[in-house]
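Worksheet: the structure to be examined is printed underneath.
No experiment lies behind these values; they were computed from the predicted model shown.
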Amino acid sequence: MALSHKARKRWTLLALCVGMPLYIVAAVTLVGWLPRMHVLVELLLYVVLGIVWIFPLKPLIRGVGKPDPEAEVDD
């Protein structure tokens, strides 16, 4: 069952407003547990963690910024 455009927008908003802060806290906690690394290695780790979050959400986020394809077009 595919999500409607409106439902997809709502789930995306929930994922970004609730899921992203939780992911950030988890990522910072994870890096805090690791032993202190060189600044560039730590920067690279944060960059990778900053990119990885998008892959599971990509199908949900895709097309949300576009107009609703099922909406009636008023001329």
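Hydrophobic clustering (ILVMFWY, side-chain heavy atoms < 4.5 Å, transitive): Leu30 and Phe55 are in distinct clusters. Under a hydrophobic clustering in which Ile, Leu, Val, Met, Phe, Trp and Tyr are joined whenever their side-chain heavy atoms come within less than 4.5 Å, directly or via other members, Ile54 and Trp11 fall into the same cluster. Hydrophobic clustering of Ile, Leu, Val, Met, Phe, Trp and Tyr side chains at less than 4.5 Å, counting indirect connections, unites Tyr46 with Met20. Both Val18 and Val28 are part of a single hydrophobic cluster, where members link through side-chain heavy atoms under 4.5 Å apart. Note: the hydrophobic cluster containing Val48 does not contain Val25 (ILVMFWY, side chain heavy atoms under 4.5 Å, direct or indirect links).
Contact detail for Glu42 and Met37: the closest heavy-atom pair is OE1-O, 4.0 Å. When all heavy atoms of Leu60 and Arg8 are compared, the pair lying nearest together is O-CG, 3.0 Å. Looking at every heavy atom in both residues, Pro56 comes nearest to Pro59 through O-CD, 3.6 Å.
A 4.5 Å side-chain heavy-atom check between Val52 and Tyr23 finds at least one atom pair inside the cut-off.
Leu45 pairs with exactly one of Val41, Leu49, Val47 by the side-chain contact (heavy atoms from CB on, under 4.5 Å) rule, that one being Leu49.
Between His38 atom NE2 and Leu44 atom CG the span is 12.5 Å, to the nearest 0.5 Å. Interatomic distance, Asp68 CG to Lys6 NZ, rounded to the nearest 0.5 Å: 9.0 Å. Distance check: Trp53 CH2 to Leu16 CG gives 5.5 Å after rounding to the nearest 0.5 Å. Expressed to the nearest 0.5 Å, how far NZ of Lys9 lies from OG of Ser4 amounts to 10.5 Å.
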